[in-house]
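Scroll down for the structure; my scribbles are underneath it.
Residue numbering restarts at 1 for every chain, and letters A, B, ... go by the order of the sequence lines. These values consider heavy atoms only, across backbone and side chains, with no hydrogens, waters or symmetry-generated copies.
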Number of protein chains: 2
Amino acid sequence: MPEDNNAERCELMHVHQDIVDRVNQQMPEDEILFDLAELFKIFGDSTRIKILYLLFESEMCVCDIAQLLKMTQSAISHQLQVLKKSKLVKYRRDGKTVFYSLADGHVRTIIDQGMEHVAE
Amino acid sequence: MPEDNNAERCELMHVHQDIVDRVNQQMPEDEILFDLAELFKIFGDSTRIKILYLLFESEMCVCDIAQLLKMTQSAISHQLQVLKKSKLVKYRRDGKTVFYSLADGHVRTIIDQGMEHVAE
DNA sequence: TAAACACATGAACAACTATTCATATGAAAG
DNA sequence: CTTTCATATGAATAGTTGTTCATGTGTTTA
């Protein structure tokens, strides 16, 4: 006759205490892990991935990106703001047009590593 | 007096034709870029990031992960299925318990690269 | 066989997000 | 100053997603 149905335990722990200790030491702080997930979230959209790939080749203005990706200027601009907030791209203004470019070398490294996993 | 308000052009193109050609050549196929975004989407959730970090230390069963992260068994199991489908983790059964572990070395490399960007 | 345990899974709901539409800003040209 | 062009942005909407709850599956033990 079961007394409670609290499923929050599996015979104490299957792993040993030393592993739990190692985990608790090596685990980065929650805030760092949150930021890390936020970063990957930026790469988790194919429109943004395409924009970054374009910027691998050359700096570009919003309208060029929109044309190359066959999307509206508004959609691209919104995504560029997202990329800007995450410090993945930077921009410079030249008259009426704004040129965007990669902010960081890490961007390329991260995408290349992901590619290696995908292309298997 | 404006004749049309079609915003789908910016004086042909600001970039030059050679850049457009380079882009079209170097750009991977849409399907690849989609898969790449899907991969990063997996890393774009702090629960999954935490699970992967735990598995850096040791293989673990579902209940242990749930306890360490103070989350329900169901939530962890759902996320492990996501990680399994993406081939980021593998599992082995030992009696009643199922042990999960990292499937690939790329996982660690990708996360480490992301960390470098975040920890600045 | 029946009960208990570890895990998986379907449905439902809330939270988030990418795009569209309409409009605003800012710079250059007339 | 007014118009035009390039870009930015707020609101709205449709689609996606993470967690919970309830329940199902598979394994071990009594």
Nearest heavy atoms of B:K90 and B:L102, plus distance in Å
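Shortest heavy-atom separation between B:K90 and B:L102 comes out as CE-O, 3.4 Å.
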
Could you report the tightest heavy-atom contact between A:I51 and A:L69, atom names first, then the distance?
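That would be CG1-CD1, 3.9 Å.
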
Taking only residues two or more places apart in sequence, or in another chain, which ones meet B:F34 in a ring-ring contact (aromatic ring centres under 6.0 Å, His included)?
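Partners of B:F34 under the ring-ring contact (aromatic ring centres under 6.0 Å, His included) test: none.
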
[atom1] of [X] versus [atom2] of [N]: gap in Å, rounded?
{"X": "B:Q81", "N": "C:dA8", "atom1": "CD", "atom2": "P", "result": "5 Å"}
{"X": "B:L80", "N": "C:dA8", "atom1": "CG", "atom2": "P", "result": "7 Å"}
{"X": "B:E38", "N": "C:dT17", "atom1": "CD", "atom2": "P", "result": "15 Å"}
{"X": "B:Q79", "N": "C:dT9", "atom1": "CD", "atom2": "P", "result": "14 Å"}
{"X": "B:Y91", "N": "C:dA8", "atom1": "OH", "atom2": "P", "result": "9 Å"}
{"X": "B:M71", "N": "C:dA8", "atom1": "CE", "atom2": "P", "result": "15 Å"}
{"X": "A:L69", "N": "C:dT20", "atom1": "CG", "atom2": "P", "result": "12 Å"}
{"X": "B:K84", "N": "C:dA8", "atom1": "NZ", "atom2": "C1'", "result": "8 Å"}

Side chain to side chain contact (heavy atoms under 4.5 Å, CB included) partners for B:Q26, two or more places apart
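For B:Q26 the side chain to side chain contact (heavy atoms under 4.5 Å, CB included) partners, ignoring immediate neighbours, are A:E57.
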
Which residues satisfy the side chain to side chain contact (heavy atoms under 4.5 Å, CB included) test with A:R92, sequence neighbours excluded?
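Checked A:R92 against side chain to side chain contact (heavy atoms under 4.5 Å, CB included); matches are A:E59, A:D94, A:F99.
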
Taking only heavy atoms on the protein side, list every residue of residues 40-54 of chain A lying under 4.0 Å from any atom of DNA chain C, sorted numerically.
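Residues of residues 40-54 of chain A under 4.0 Å from DNA chain C: A:K41, A:D45, A:T47, A:R48.
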
With a 6.0 Å cut-off (strictly less than), is the heavy-atom count around CZ of B:F56, excluding the residue itself, greater than 12?
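Count over threshold, so yes.
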
Please check if the number of heavy atoms outside A:K87 that lie under 6.0 Å from its NZ is greater than 12.
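No - once you tally the heavy atoms of other residues, nucleotides and ligands closer than 6.0 Å, there are 12 at most.
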
Applying a 4.0 Å non-hydrogen cut-off, can you work out what B:Y100 is touching in the nucleic acid: base, sugar-phosphate, or nothing?
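Touches sugar-phosphate only.
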
Donor-acceptor pairs under 3.5 Å, side chain of residues 106-115 of chain A to any protein atom, not counting sequence neighbours: which ones?
from   : atom 1 : to     : atom 2 : distance (Å)
A:H106 : ND1    : A:D104 : OD1    : 3.3
A:H106 : NE2    : B:E116 : OE1    : 3.2
A:T109 : OG1    : A:G105 : O      : 3.2

Pairwise distance CD(B:Q25) to CZ(B:R22) - rounded to 0.5 angstrom
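Reported value, rounded in 0.5 Å steps: 9.5 Å.
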
Output one letter per nucleotide in nucleotides 22-30 of chain C: B when a protein non-hydrogen atom lies under 4.0 Å from the base, S when only the sugar-phosphate is that close, - when neither is.
B----BS--

Near-parallel close stack of B:H78 and D:dT19 base (under 5.5 Å, under 30°)
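Stack criterion not met.
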
